[in-house]
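Input: a single structure, listed below in structure tokens.
Source: prediction; values computed, not measured. In this chain, numbering begins with 1 at the start of the sequence shown.
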Amino acid sequence: MTQSAIVLGAGMVGVSVALHLRRRGYDVVLIDRRGPGEGASFGNGGLIQREAVYPHPFPRALAELRRIAGNRATDVHYHPLALPGFVSPLLRYWWNSEPTRYLGAVQAYAKLIATCLDEHYALARGTEAMALLRPIGWLRIFSQPEALATALAQAETARRDYGVGFAALDGAALAAAEPSLLVARAGAIHWTDPVSVSDPHALTLAYAGMFTAEGGRLATGDATTLRRAGAGWQVQTEAGPVEAAEVVVALGAAAGQVTGPLGYAPPIFGKRGYHMHYGLRGNAVLHRPILDAESGFLLAPMRAGIRLTTGAEFARTDAPATPVQLERAEPAARALLPLADRVESAPWMGVRPCTPDMLPIIGKLPGQPGAWCAFGHAHQGLTLGPTTGRLLAEMMCGEAPFVSPAPYRAERF
């Protein structure tokens, strides 16, 4: 069973790992209980975020904490009965957001983010996937001049320290860039580096198609059936048991269900998110994604319509969907852009896998030879999938990693 691997989880991260391993000669089976890209990779803002060098820290300002505690915000919502289950990871998240520790996280995170465009283009160039990638950036729009000035100062720091590109737009320039906006704003930051994806699910399917075209295999199966089989690993699939010498856990927020029985219980916690698509009235257009800094929602033009995405919801894993953030965001979004009817009858919901130190877990699974981790990417699974795929494949093949994997090692938890 040399040079063989099972990859558990067919989101953007798992598909990218499987593709990179296959291109290095591995016999790879990619296993999921659903089709490729039907989990958290299906629903997001569709952005490959080269500008996102600063991971989301835990709020530390009292005014911000009071706002969130009120549980009436558009960007954050929580189920009160679920909070006891989040106490430990959120306290560690708060601790790691202390400015000195947070700077260390930023420096490690930025090294991954800096590679994201190159790694996506390395997979997509010359294929049908390129048509899904739009190098148009996105806009963060502001109502208050003071907030815009503060954000521009932070953007200048990101440009100086991490090579992030942006352009400052005043109110008139914003209105010219997006003429269908219904209200005037003080201005915007145009993040010019990011790529907008017109259909994130289609992009994951395109990479999965490359994987199968190059000899990789897809299978439907239950990752929780993972067990040792001699010196290797076995998983049950609908077609029967599959065995391989190595296994990669790329299951996002569900990773702990598989790693826990193997003796590794990382403090992964999930942030739920929702989206809904809308039409546009008349001849209205939206040229690029826009994020309303005041309300925290994103509007992104996609194949299916204008996608409205929400912030974070904290709930128990088995709790029913409660898309109250969409209900709060929709009136504000309609006041900003002439949205028509909803395209779907019900919103989509998914779970983002987060870690307390804001860094993904990439590397060997502690105490389990032949087992590897690739999860915990929070809001950036789409952005960092190909980067993670290359990095982990290089580690598994004994190649020199193109980015130092030390900050993302599983042993830190």
Pair Leu291-Ile141, side-chain contact (heavy atoms from CB on, under 4.5 Å): steps then yes or no: CA-CA 6 Å; Leu291 187 143; Ile141 63 175; over 6 Å; no

Any side-chain to backbone donor/acceptor pair from [X] onto [Y]? Under 3.5 Å, distance only.
{"X": "His190", "Y": "Ile136", "result": "yes"}
{"X": "Thr127", "Y": "Ala129", "result": "yes"}
{"X": "Thr192", "Y": "Gly165", "result": "yes"}
{"X": "Asp193", "Y": "Glu51", "result": "no"}
{"X": "Tyr78", "Y": "Ala69", "result": "yes"}
{"X": "Arg24", "Y": "His20", "result": "yes"}
{"X": "Arg22", "Y": "Val28", "result": "no"}
{"X": "Tyr162", "Y": "Ala52", "result": "no"}
{"X": "Thr383", "Y": "Arg50", "result": "no"}
{"X": "Gln368", "Y": "Leu262", "result": "yes"}

Positive for side-chain contact (heavy atoms from CB on, under 4.5 Å) with Val13, one of Leu384, Val7, Thr388, Leu251: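 Only match with Val13 under side-chain contact (heavy atoms from CB on, under 4.5 Å): Thr388.
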
Kindly give the heavy-atom pair with the smallest separation between [X] and [Y], and that separation in Å.
{"X": "Leu65", "Y": "Pro59", "value": "CD2-O, 3.5 Å"}
{"X": "Ala168", "Y": "Leu152", "value": "CB-CD2, 3.7 Å"}
{"X": "Gly187", "Y": "Leu174", "value": "O-CD2, 3.9 Å"}
{"X": "Val17", "Y": "Ala374", "value": "CG2-CB, 4.3 Å"}
{"X": "Pro36", "Y": "Leu218", "value": "CG-CD1, 4.1 Å"}
{"X": "Pro145", "Y": "Ser143", "value": "CD-O, 3.8 Å"}

Test item: [X] and [Y] side chains (from C-beta on) under 4.5 Å apart, heavy atoms:
{"X": "Leu336", "Y": "Ile290", "result": "yes"}
{"X": "Thr220", "Y": "Asp32", "result": "no"}
{"X": "Asn71", "Y": "His77", "result": "yes"}
{"X": "Pro353", "Y": "Phe375", "result": "no"}
{"X": "Ile362", "Y": "His377", "result": "yes"}
{"X": "Val403", "Y": "Arg390", "result": "no"}
{"X": "Val76", "Y": "Phe314", "result": "yes"}
{"X": "Glu98", "Y": "Arg60", "result": "yes"}

Geometric cation-pi criterion, Arg140 with Trp191: 6.0 Å, 45°: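 Relative to the ring axis of Trp191, which defines the angle, Arg140 lies outside at least one limit.
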
Trace of the side-chain hydrogen bond (donor to acceptor under 3.5 Å, both in side chains) decision for Thr74 with Arg328: CA-CA 6 Å; Thr74 300; Arg328 293 169 180 169; over 6 Å; no

Working for side-chain contact (heavy atoms from CB on, under 4.5 Å), residues Arg288 and Arg134: CA-CA 9 Å; Arg288 58 188 62 78; Arg134 304 172 296 184; over 6 Å; no

[X] atom [atom1]: more than 12 heavy-atom contacts under 6.0 Å:
{"X": "Glu64", "atom1": "CD", "value": "yes"}
{"X": "Arg72", "atom1": "CZ", "value": "no"}
{"X": "Trp94", "atom1": "CH2", "value": "no"}
{"X": "Gln257", "atom1": "CD", "value": "no"}

Salt bridge [X]-[Y], side-chain N to carboxylate O under 4.0 Å:
{"X": "Glu294", "Y": "Arg67", "value": "no"}
{"X": "Glu411", "Y": "Lys364", "value": "no"}
{"X": "Glu156", "Y": "Arg160", "value": "no"}

So, [X] versus [Y]: side-chain donor-acceptor pair below 3.5 Å or not?
{"X": "Tyr26", "Y": "Glu246", "answer": "yes"}
{"X": "His120", "Y": "Tyr207", "answer": "yes"}
{"X": "Glu178", "Y": "His287", "answer": "no"}
{"X": "Tyr274", "Y": "Glu313", "answer": "yes"}
{"X": "Asp222", "Y": "Thr225", "answer": "no"}
{"X": "Thr115", "Y": "Thr387", "answer": "yes"}

What distance do [X] atom [atom1] and [Y] atom [atom2] have between them, rounded to the nearest 0.5 Å?
{"X": "Phe86", "Y": "His79", "atom1": "CZ", "atom2": "NE2", "result": "9.5 Å"}
{"X": "Ser198", "Y": "Leu133", "atom1": "OG", "atom2": "CG", "result": "8.0 Å"}
{"X": "Thr237", "Y": "Arg217", "atom1": "OG1", "atom2": "CZ", "result": "9.0 Å"}
{"X": "Gln236", "Y": "Ile31", "atom1": "CD", "atom2": "CD1", "result": "9.5 Å"}
{"X": "Asp292", "Y": "Leu299", "atom1": "CG", "atom2": "CG", "result": "8.5 Å"}
{"X": "Leu359", "Y": "Leu112", "atom1": "CG", "atom2": "CG", "result": "8.0 Å"}

Stepwise side-chain contact (heavy atoms from CB on, under 4.5 Å) test for Ile361 and Arg412: CA-CA 9 Å; Ile361 298 172; Arg412 71 186 195 270; 3.9 Å; yes

Centroid separation Phe269 to Tyr93 less than 6.0 Å: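 Distance test on ring centres: under 6.0 Å, yes.
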
Worked verdict on Leu181 versus Leu337 for side-chain contact (heavy atoms from CB on, under 4.5 Å): CA-CA 5 Å; Leu181 292 180; Leu337 196 69; 4.2 Å; yes

